[in-house]
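For reference, the structure is listed below as structure tokens.
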Amino acid sequence: MAEEVQPEKCVVAVDGPSGSGKSTVSRRLAAAIDGVYLDTGAMYRAVTWAVLQAGADLSDPEAIAKIALETELSIGTDPSAPHFAANGVPVDGPIRGPEVTAAVSAVAAVPAVRRQLVALQRAIIAGQPRIVVEGRDIASVVAPDADLKVYLTASAAARAARRSAEDATDVAATEASLVRRDKLDSSRAADPLRQASDALEVDTTGLGIDEVVAYLLKLLDSRVNK
């Protein structure tokens with residue numbers, strides 16, 4: 001199927017809550033179409049790391065916006081080895097830690113931060129012939145004209161089990177954290193987590209990664225090779 005999907009240019013938007021399989025699916029899909037991969041959530045996490053390093057008050061949106069504007073992000077989009085650096089410091093490990101995870105929703109809710117990062121995301125998308133972009137507002141805000149829009153979801157229990165297996169954390173605590181983040185991200189005023197009206201919902205609860213990727217390749221093929 002991967003050989004059939006050879007568009008000259010395409011944008012795939014993959015949205016959904018944490019633990020739905022977005023990252024793994026998006027990276028595999030990007031590799032299958034010989035494209036690049038952009039993890040927009042990691043961009044917000046990198047900025048959050050910078051905010052925490054600066055000791056800023058998470059309830060001060062102006063201070064957060066100032067730090068975001070001054071933070072230089074380095075973004076690697078190779079799906080086999082994506083990487084991030086903030087102000088020259090590799091942050092792939094730190095941005096997945098509990099401190100950043102607990103603070104990222106607050107930072108991502110600041111409208112000025114979203115405007116800045118959405119502009120950067122759009123610039124990256126425009127500069128690539130084939131790209132798979134994952135996040136929470138890709139189909140609805142960042143790339144509303146994407147060739148394929150998918151909203152990946154799964155039960156809270158399944159998402160918690162996956163995430164706790166990745167992070168070696170308690171399943172119950174992980175589920176509570178995911179539910180908290182979902183609520184914060186779906187209720188924020190600026191670009192909330194939501195399924196775009198024309199995005200296809202794919203429930204990954206009972207599906208393996210290979211099954212999901214094969215299904216998305218089939219959908220993409222039907223759209224770009226009509």
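Each residue takes its place number in the sequence, starting with 1. In this text, all values refer to a predicted model and were calculated from it rather than measured experimentally.
Hydrophobic clustering places Ile209 together with Leu207 (ILVMFWY residues linked when any side-chain heavy atoms are closer than 4.5 Å, directly or through intermediates). Ile125 and Tyr37 sit in two unconnected hydrophobic clusters of ILVMFWY residues. Membership requires side-chain heavy atoms under 4.5 Å apart, directly or through other members. Following chains of ILVMFWY side-chain contacts shorter than 4.5 Å, one can reach Val132 starting from Val25, so the two form part of one hydrophobic cluster. A continuous path of Ile, Leu, Val, Met, Phe, Trp and Tyr side chains, each step under 4.5 Å between heavy atoms, connects Val89 with Leu73, placing both in one hydrophobic cluster.
For the atom pair Asp92 CG and His83 NE2, the distance stands at 7.5 Å (nearest 0.5 Å). Atom OG in Ser197 sits 7.0 Å away from atom NZ in Lys149 (nearest 0.5 Å). From Asp147, atom CG reaches atom CZ of Arg130 across 12.0 Å, with rounding to the nearest 0.5 Å. Between the CD1 atom of Ile33 and the SG atom of Cys10 there is a distance of 4.0 Å, given to the nearest 0.5 Å. Between atom CD1 of residue Ile131 and atom CD of residue Gln121 there is a gap of 9.5 Å, rounded to the nearest 0.5 Å. With rounding to the nearest 0.5 Å, the separation of CZ in Arg114 from OH in Tyr44 is 3.5 Å.
Side chains of Gln116 and Val47 form no contact here, defined as non-hydrogen atoms less than 4.5 Å apart. With contacts defined as side-chain heavy-atom distances shorter than 4.5 Å, the pair Pro129/Glu8 does not qualify. Between Val14 and Ile138 the shortest side-chain heavy-atom distance does not fall below 4.5 Å. With a 4.5 Å cut-off on side-chain heavy atoms, Leu200 and Tyr215 count as touching. Looking at Leu120 and Ile75, their side chains come closer than 4.5 Å, going by heavy atoms from C-beta outward. In this structure the side chain of Leu152 reaches within 4.5 angstrom of the side chain of Val150, judged on heavy atoms. Taking the side chain as every heavy atom from C-beta outward, Val11 and Gln128 never approach each other to under 4.5 Å. Contact check for Phe84 versus Pro94: no side-chain heavy atoms found under the 4.5 Å cut-off.
With salt bridges taken as basic N to acidic carboxylate O contacts below 4.0 Å, one links Lys66 and Glu70. The pair Asp39-Arg136 does not meet the salt-bridge criterion, since no charged nitrogen lies less than 4.0 angstrom from a carboxylate oxygen.
Remark: the backbone N or O of Gly21 is not paired with any side-chain donor or acceptor of Thr204 at under 3.5 angstrom.
The minimum heavy-atom distance linking Thr71 with Ala50 is given by the pair OG1-CB, 3.4 Å. The shortest non-hydrogen separation linking Leu58 to Ala103 is CD1-CB, 3.6 Å. Scanning all heavy atoms of the two residues, the minimum distance from Gly135 to Thr40 falls at CA-OG1, 3.3 Å. A pairwise comparison of heavy atoms in Asp15 and Ser140 identifies OD2-N, 4.5 Å as the closest pair. For Ala86 against Ala46, the heavy-atom pair with the smallest separation is CB-O, 4.3 Å. The two residues Pro79 and Ala30 make their nearest non-hydrogen contact at CB-CB, 3.9 Å.
For the side chain to side chain contact (heavy atoms under 4.5 Å, CB included) with Val107, the qualifying choice from Leu52, Val100, Ile67, Thr48 is Thr48, the only one to do so.
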query = Do Thr153 and Val202 pass the side chain to side chain contact (heavy atoms under 4.5 Å, CB included) test, and can you show the C-alpha distance, the side-chain angles, and the key distance before you say yes or no?
reply = CA-CA 6 Å; Thr153 187; Val202 178; over 6 Å; no

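Residues Ser23 and Glu134 bring a donor and an acceptor atom of their side chains to less than 3.5 Å of each other. Between Thr101 and Arg45, the side chains place a donor N or O and an acceptor N or O closer than 3.5 Å (distance only, hydrogens not considered).
Crowding of Glu211 atom CD: a count of heavy atoms from other residues, nucleotides or ligands under 6.0 Å exceeding 12.
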